[in-house]
Amino acid sequence: MPVDAQALDDGVTAVAHPNIALVKYWGKRDERLILPATDSLSLTLDAFPTTTTVRPDPALSTDEVTLNGVAADGEAHRRVTTFLDLVRARAGSTERAVVTTLNSVPTGAGLASSASGFAALAVASAAAYGLRLDATALSRLARRGSGSASRSIFGGFAVWYAGPEDDAGDDRARDLASYAEPVSAELDPALVIALLDTGPKAVSSRAAMKRTVGTSPLYRPWAESSRADLAQMREALLRGDLEAVGEIAERNALGMHATMLAARPAVRYLSPASLTVLDAVLELRRAGTPAYATIDAGPNVKVLCRRGDADRVAGAVRAAAACRVVVTGRGPGARLHSGVR
């Protein structure tokens with residue numbers, strides 16, 4: 001989309017939403033290009049948007065990055081600058097930028113804040129530096145900031161392809177082979193999120209992932225089973241089979257956490273409250289309500305269910321864990337919010 005000259009003066013703004021993987025991404029085979037070990041599949045949410053504005057400024061000597069009103073430094077600043085360097089290299093620009101982000105999802109709590117964050121940054125920075133990228137190219141670009149961000153470029157269900165396992169090709173070919181795309185689904189479920197602990201994790205997802213891949217004897221078997229899970233998940237989505245989708249998502253997530261518990265030393269994100277919610281979900285199923293849990297790299301539990309059952313599920317989760325609960329559904333893909341004619 002063309003960018004308005006006046007909008008460039010004010011910056012270009014994009015909005016993106018987090019996604020929750022139903023078949024998990026856990027493990028890289030290439031840290032630099034952020035190439036995953038397996039394909040993954042997710043649902044983009046209609047809650048917790050990230051809004052990011054990028055304004056190139058030739059007077060700057062370094063990028064200025066603000067997150068929720070606070071100047072970013074250290075690793076947070078480095079990740080944004082490194083990402084912008086990729087965009088600048090493709091655009092043939094050396095201009096530094098002012099980046100302002102408002103993130104409504106808690107950062108570093110296992111709620112996919114990096115997915116929405118880098119998807120919004122990819123869309124805004126590409127437009128701000130004059131790159132005309134289609135959705136597939138934006139997905140590849142977002143992946144370089146955070147792997148799961150590749151999926152937040154798209155709304156609803158999306159699959160992220162790992163690319164060929166043979167990494168003998170050149171970097172460009174390997175980069176082109178790993179991207180996300182929408183998945184057809186005859187399903188419009190609710191996802192009930194139990195916010196058990198929204199503080200930053202003691203072990204980052206990146207560190208936990210690397211430790212798990214390198215030391216867990218359960219990792220390779222889980223990765224193999226995850227490939228089968230994804231194929232079955234796509235079939236279940238096509239036929240609109242919530243029960244099958246939920247069963248696959250729950251076993252895939254619990255298997256991922258098992259690989260972390262078997263890492264050396266163990267990575268444990270599940271808290272006593274997480275287990276309480278898992279028990280509540282099991283009780284819901286026993287009582288006849290189809291409800292299925294999934295958990296990312298953190299203690300917060302997400303429960304997949306029918307939209308008509310969402311209030312019942314939310315009430316059961318709230319009663320069990322005395323926590324804040326948010327009911328979400330299928331959300332939109334990343335898009336420009338301003339800076340376009």
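Remark: E243 engages R306 in a salt bridge, criterion side-chain N to carboxylate O under 4.0 Å. Between D85 and R96, at least one side-chain nitrogen of the basic residue sits less than 4.0 Å from a carboxylate oxygen of the acidic one, meeting the salt-bridge criterion. The pair R227-D39 does not count as a salt bridge, with every side-chain nitrogen at least 4.0 angstrom from each carboxylate oxygen. Salt bridge E250/R285: present, at least one basic N to carboxylate O contact under 4.0 Å. A salt bridge does not link R172 to D170: none of the charged side-chain nitrogens sits closer than 4.0 Å to a carboxylate oxygen.
Atom CH2 of W160 sits about 8.5 Å away from atom OG of S139, to the nearest 0.5 Å. The CD1 atom of I193 sits 5.5 Å away from atom CD1 of I20, with the distance rounded to the nearest 0.5 Å. In this structure, OG1 on T259 lies 6.5 Å from CH2 on W222, to the nearest 0.5 angstrom. Taken from CG in L102 to OG1 in T100, the straight-line distance is 7.5 Å, to the nearest 0.5 Å. Taking CG of L141 as the start and CG of L133 as the end, the distance is 6.5 Å to the nearest 0.5 Å. Atoms CD1 and NZ, on I34 and K28 in that order, are 6.0 Å from each other to the nearest 0.5 Å.
When side chains are defined from C-beta on, L84 counts as touching S125, because their heavy atoms get closer than 4.5 Å. By the 4.5 Å heavy-atom criterion applied to side chains, T101 and L121 are not counted as neighbours. L278 is listed as a side-chain neighbour of L254, based on a closest heavy-atom distance under 4.5 Å. Between T136 and E181 there is no side-chain heavy-atom pair separated by less than 4.5 Å. Looking at R32 and D171, their side chains come closer than 4.5 Å, going by heavy atoms from C-beta outward. When side chains are defined from C-beta on, S178 counts as touching P36, because their heavy atoms get closer than 4.5 Å. Side-chain contact check for E95 versus D57: every heavy-atom pair is 4.5 Å or farther apart.
Open room surrounds CG on D311; 12 or fewer heavy atoms of other groups in view lie less than 6.0 Å from it. No more than 12 heavy atoms of other residues, nucleotides or ligands sit less than 6.0 Å from atom CD of E186. Heavy-atom neighbours of R324 CZ from other residues, nucleotides or ligands within 6.0 Å: at or below the threshold of 12.
The two residues A258 and L218 have their closest heavy-atom pair at O-CD1, 3.6 Å. Taking all atoms of both residues into account, the shortest heavy-atom contact from F157 to L187 is CE1-O, 3.6 Å. What you find for A291 and V281 is that their closest heavy atoms are O-CG1, 3.3 Å. Shown here for S152 and A119, the closest heavy-atom pair between the two residues is CB-CB, 3.7 Å. Of all heavy-atom pairs between S146 and F118, the closest is CB-CD1, 3.8 Å. A pairwise comparison of heavy atoms in L138 and A126 identifies CD2-CB, 4.0 Å as the closest pair.
Of the possible donor and acceptor atoms, none in the side chain of K210 sits under 3.5 Å from a partner among the backbone N and O of A207. Judged purely by atom type and a 3.5 angstrom limit, D309 has no side-chain atom pairing as donor or acceptor with the backbone of T289. S216 contributes no side-chain N or O that, together with a main-chain N or O of V213, makes up a donor-acceptor pair within less than 3.5 Å. H257 places a side-chain N or O within donor-acceptor distance of the main-chain N or O of I295, the cut-off being under 3.5 Å. R151 places no side-chain N or O within donor-acceptor distance of the main-chain N or O of A158, the cut-off being under 3.5 Å. Under the 3.5 Å distance criterion, the side-chain polar atoms of H77 are left unmatched by any main-chain donor or acceptor of E64. With hydrogens and angles disregarded, a donor-acceptor distance shorter than 3.5 Å links the side chain of R143 to the backbone of L33. For D46 (side chain) and G329 (main-chain N/O), a donor-acceptor pair under 3.5 Å exists by modelled atom type. Using modelled atom types, one side-chain atom of N300 and one backbone atom of L196 make a donor-acceptor pair closer than 3.5 Å. The closest donor-acceptor contact from the side chain of T52 to the backbone of A14 lies at 3.5 Å or more, if one exists at all.
Of the residues K24, R251, K302, the one that meets the side chain to side chain donor-acceptor pair (under 3.5 Å) test with T294 is K24. Only one option out of T38, V245, V159, L230 pairs with V23 in a side-chain contact (heavy atoms from CB on, under 4.5 Å); it is L230. The side-chain contact (heavy atoms from CB on, under 4.5 Å) test with R206 is passed by exactly one of R211, R79, E31: R79.
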Problem - Stepwise salt bridge (Lys or Arg N to Asp or Glu O under 4.0 Å) check, R307 with D188 - result: CA-CA 8 Å; R307 283 188 175 270; D188 186 20; 3.3 Å; yes

Practice task
For D73 and R78, run salt bridge (Lys or Arg N to Asp or Glu O under 4.0 Å): C-alpha distance rounded to whole Å, both residues' side-chain angles, the deciding distance at 0.1 Å, then the answer.
Solution key: CA-CA 7 Å; D73 56 12; R78 184 200 67 78; over 6 Å; no

Exercise for the section: Check the pair S104 / T50 against side chain to side chain contact (heavy atoms under 4.5 Å, CB included), numbers first and verdict last. Expected result: CA-CA 6 Å; S104 64; T50 296; 5.9 Å; no

Problem - Pair Y129-R88, side chain to side chain donor-acceptor pair (under 3.5 Å): steps then yes or no - result: CA-CA 7 Å; Y129 283 97; R88 284 186 281 256; 3.2 Å; yes

Practice task
Assess whether side chain to side chain contact (heavy atoms under 4.5 Å, CB included) is satisfied between T66 and V70, documenting all intermediate values.
Solution key: CA-CA 5 Å; T66 303; V70 178; 5.6 Å; no

Exercise for the section: Let me see the working for S42 and S148 under side chain to side chain contact (heavy atoms under 4.5 Å, CB included), right down to the final yes or no. Expected result: CA-CA 9 Å; S42 66; S148 56; over 6 Å; no

Exercise for the section: Would you sort out whether N68 and N103 count as a side chain to side chain donor-acceptor pair (under 3.5 Å), showing the intermediate values? Expected result: CA-CA 6 Å; N68 290 342; N103 202 357; over 6 Å; no

Handout entry: Verdict with supporting geometry, S271 and D197, side chain to side chain donor-acceptor pair (under 3.5 Å)
Key = CA-CA 9 Å; S271 67; D197 185 349; over 6 Å; no

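No chain of hydrophobic side-chain contacts below 4.5 Å, direct or via other Ile, Leu, Val, Met, Phe, Trp or Tyr residues, connects L282 to V301. Note on I248: it clusters hydrophobically with L41, by side-chain heavy-atom contacts below 4.5 Å among ILVMFWY residues. Under the 4.5 Å side-chain heavy-atom criterion for ILVMFWY residues, no single connected hydrophobic cluster contains both L284 and V326. There is no path of hydrophobic side-chain contacts, each under 4.5 Å, that joins V98 to V87. The cluster map of Ile, Leu, Val, Met, Phe, Trp and Tyr, joined by side-chain heavy atoms under 4.5 Å apart, puts V327 and L191 in different clusters.
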Which atom pairs, donor and acceptor, lie under 3.5 Å between side-chain atoms of residues 260-270 and protein residues at least two apart or in another chain?
residue, atom, partner, partner atom, Å
R268, NH1, L270, O, 2.7
Y269, OH, V203, O, 2.6
Y269, OH, S204, O, 3.3

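Hydrophobic side-chain contacts under 4.5 Å tie V15 to no other Ile, Leu, Val, Met, Phe, Trp or Tyr residue.
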